[in-house]
There are 2 protein chains.
Amino acid sequence: MNDNFDPRRRQVLLGSAATLASTGLLGLSPLALAAETPLPDYVNWKNPEALVVHSAQTLETRRDAIGTSIVTSNEQLFIRNNLPAPPPAIVADRDAWTVAFAGVKNPRSMTLGELKTLGVTTVASVLQCSGNGRAFFDHEASGTQWRTGAAGCVLWSGVPLKAVVEALGGALDGRPYITGTGGEELPAGLDPQSLVVERSVPLRALEQALLAWELNGEPLPLAHGGPLRLVVPGYYGVNNVKYVRQVAFTAAQTDAKIQASGYRIRPVGQGGAPDQPSMWEMNVKSWITQPLAQAKAGRVAIQGVAFGGAREVRGVEVSLDGGKSWQAAPFVGPNLGPYAWRPFVLIVELKPGSYSLMSRATDVEGNAQPEQELVNERGYGHNGWRDHGVEISVV
Amino acid sequence: MNDNFDPRRRQVLLGSAATLASTGLLGLSPLALAAETPLPDYVNWKNPEALVVHSAQTLETRRDAIGTSIVTSNEQLFIRNNLPAPPPAIVADRDAWTVAFAGVKNPRSMTLGELKTLGVTTVASVLQCSGNGRAFFDHEASGTQWRTGAAGCVLWSGVPLKAVVEALGGALDGRPYITGTGGEELPAGLDPQSLVVERSVPLRALEQALLAWELNGEPLPLAHGGPLRLVVPGYYGVNNVKYVRQVAFTAAQTDAKIQASGYRIRPVGQGGAPDQPSMWEMNVKSWITQPLAQAKAGRVAIQGVAFGGAREVRGVEVSLDGGKSWQAAPFVGPNLGPYAWRPFVLIVELKPGSYSLMSRATDVEGNAQPEQELVNERGYGHNGWRDHGVEISVV
């Protein structure tokens, strides 16, 4: 618990505890005691009951905290920062934040205040860490042991990067990468290239990239990259550079460690290298959010979220028998666009017994979640449906 | 300030203050010093910088707190309660909440737990108090002097009322009203009918009504009617009965004071009566959210929100000259459906001088905001575009 603990949240907690106790579930859920580690100070405005604190820089949204709505609130959204956030002074005068543009016809710096006059858009997108689902790998991949909660669906508002580039005369020819540089302070005495958060994405991402200053309609919190973040809808979290201080169109990918050897898909035991696939476009994925352990016999609402990653999700199926048979589960609520996730609800009649619930999404290009993950050294991109299933008992 | 005041919000406040000071605006905005009155305890989890506290039961969202995104967060959403909220005990075990259904073929009570198995939907809708804009009337209409902030656009999740009614055999014939009764505790010794929050809406509202248990993906907070609220998208706030304990299909409207004489459109000086129009379907409306006082010469992004009320909004125009000329302003971001509001952004080139900014929305049936409001005793339903305009100076 922390100082910001409030009555509403206490009620929710008491309610959950009472329910767990009455159904005999107390202690059974691996995430039930999530809030035992207090929230770090810089995110003490978040909802402690919705989060699992892995470390000061890594906080996961509880699987059972995702409701039926489409948007994940700022208070529930996960945190994964590669470096500590810069000092709060950088959000004292947001419009004065400066970002440099390079690799364009007329390179120069712009303030956030100027960027706000070039165009405004709002895009809903899933923000997801490359390592979401790492806990489900068998080989104990190193890194935070995320389960499902290094992901959320949020609304970003800002200027389309394309509009900025047009105002600067367009990108230079022969520059196939967009390279964003983060504004984190780097410890002195260490090689900057080993620490700097600098990521390159392919030029095709210009179609949907934006420079965002709002998250869910509020000024982008410092912990999430405020005052300005490079957002690439459909791409893994690491490509969404926080406190962005430079955007460059480049001939090659950056040689920063986080790009050159980090976030690469490679066989277990092998080191990272630039010729391995980088964690760019996200793959199709889904998971069940309730029930997670127990349900009452009779009609049961099976709920979850599904998204296509870089391509819109087309549909999702649910299995009650560990993947032997499947039935389509309808999406509910408005469609917020190709990069958003969609909640699904399937109502079924269940007799007492044990059930192995699985979900399997398919994107508009026909890519379906595989049964098993692609095994890789660092435990990235897990979208295998079997590991994301849950065993429940119906009583 | 309150105990929950947090660093992020302090940064926002300091940032705003710094900006205001640097542009010479400090003290000019009527809402700039909004947070001087502390938040009441039962809503101390809200964002104090986003709200104007009129009283313990009436809190308004600041006009400048509405960002570009579509969804108003729980922390920013206004509060207008006719009676104090019931004790927090009612959200300790949410699924045990019971609601009675009457005027159907098989009347009975259901728990929230049972309702959750009948169907799940999510609807985005504007929640707006009937008196939003009351401060703009000339005749000093009694009641909270709301300006623009007794409104927000939120995501409700729950079961369609239609699905519940079907499960109960359907509504009885000759019952043209849906009457919802709130679960507030009524003070002893007073006439219950003069106090009870019981509202009737026409049967046609069954098409979109739902019984909601989630607000923006989180369990519906007590202050907003949790554990269960009757939500009628497109209808004024008062019809969305909190802590709903009965839903009845009735032959007549309830004779509760809040229905019989309250929330009626009538000439100034006249008392309320059942033959006057009731505050049901909302009308088309829009307002500018920025700039509100000053802007820098050059390109300026004029932003606001527009909604059609009971009908989808089709478009919005902006005037820079007090309504003499108009130009269409594009909507930005995904369309969350007919009952949601849509942010708009118009980027214009402005020279130094004074400007009278106005916005005027039109719904899909061609209804446009009038220049002036319909004058009425209690100051309801103000959607006149002139009063919602803002005077700005460009320097």
Side-chain angles (χ1 to χ4, degrees), chain A residues 3-4 6-9 11-12 14-15 18-19 22 41-42 44-45 66-76 88 91-95 113 116-124 155 157 214 216-219 221-223 296 298-301 303 332-337 340 343 345 347, chain B residues 3-4 6-9 11-12 14-15 18-19 22 41-42 44-45 66-76 88 91-95 113 116-124 155 157 214 216-219 221-223 296 298-301 303 332-337 340 343 345 347:
Chain A
D3 296 336
N4 283 350
D6 72 55
R8 178 182 64 125
R9 290 166 184 161
Q11 292 153 21
V12 173
L14 287 174
T19 308
S22 68
D41 277 351
Y42 77 111
N44 65 4
W45 50 272
I66 298 295
T68 314
S69 288
I70 301 119
V71 176
T72 308
S73 73
N74 296 0
E75 286 72 15
Q76 292 200 337
V91 288
D93 182 2
R94 291 170 176 266
D95 283 357
K116 286 179 175 174
T117 71
L118 294 181
V120 181
T121 189
T122 294
V123 179
L155 291 158
S157 298
E214 276 184 21
N216 290 333
E218 297 190 26
L222 181 68
K296 220 173 113 186
R299 288 168 66 96
V300 176
Q303 301 202 30
V332 293
N335 180 355
L336 269 58
V345 182
I347 294 177
Chain B
D3 295 337
N4 283 351
D6 72 57
R8 178 183 65 124
R9 288 167 185 162
Q11 292 152 21
V12 173
L14 288 175
T19 307
S22 69
D41 277 350
Y42 77 111
N44 67 4
W45 49 271
I66 298 296
T68 313
S69 289
I70 302 119
V71 176
T72 308
S73 73
N74 295 0
E75 286 72 15
Q76 293 201 336
V91 288
D93 182 1
R94 289 170 176 266
D95 283 356
K116 285 179 175 175
T117 71
L118 294 180
V120 181
T121 189
T122 294
V123 179
L155 291 157
S157 298
E214 276 185 21
N216 290 333
E218 297 189 27
L222 181 68
K296 220 174 111 185
R299 288 167 66 96
V300 175
Q303 301 203 30
V332 293
N335 181 355
L336 269 59
V345 182
I347 294 177

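In what follows, chains carry the letters A, B, and so on, assigned in the order in which the sequence lines appear, proteins first and then strands, with residues in each chain numbered from 1. Note: hydrogens, waters and symmetry copies are ignored here, and every other heavy atom, side chains too, is used.
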*Asks:* Mind checking side-chain hydrogen bond (donor to acceptor under 3.5 Å, both in side chains) for B:S69 and listing every partner two or more places apart, or none if nothing turns up?
*Replies:*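 Result, side-chain hydrogen bond (donor to acceptor under 3.5 Å, both in side chains) vs B:S69: A:S157.
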*Asks:* Heavy-atom cut-off 4.5 Å, strictly under: side chain, backbone, both or neither for A:V120 against chain B?
*Replies:* both
*Asks:* Could I get the full list of side-chain hydrogen bond (donor to acceptor under 3.5 Å, both in side chains) partners for B:Q303, not counting sequence neighbours?
*Replies:*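 Per chain and number, B:Q303 pairs via side-chain hydrogen bond (donor to acceptor under 3.5 Å, both in side chains) with B:T68.
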*Asks:* Taking all non-hydrogen atoms of both residues into account, name the closest pair between A:K116 and B:A301 and its distance.
*Replies:*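 Scanning both residues completely, I find the closest heavy atoms to be O-CB, 3.6 Å.
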*Asks:* Between B:V71 and A:N216, is the side-chain contact (heavy atoms from CB on, under 4.5 Å) condition met? List the steps.
*Replies:* CA-CA 7 Å; B:V71 176; A:N216 290 333; over 6 Å; no
*Asks:* What are the two closest non-hydrogen atoms of B:P334 and A:T122, and how far apart are they?
*Replies:* CD-O, 3.6 Å
*Asks:* Could you measure the distance from the CG atom of A:L155 to the CD1 atom of B:I70? Nearest 0.5 Å is fine.
*Replies:*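 A:L155 CG to B:I70 CD1: 5.0 Å, rounded to 0.5 Å.
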*Asks:* Quick check: closest heavy atoms across B:I347 and A:T117, and the distance to 0.1 Å?
*Replies:*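 Heavy atoms of B:I347 and A:T117 come nearest at CG2-O, 3.3 Å.
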*Asks:* Shorter than 4.5 Å, heavy atoms on both sides: which option in B:G113, B:G333, B:A340 has the most such pairs with chain A?
*Replies:* B:G333
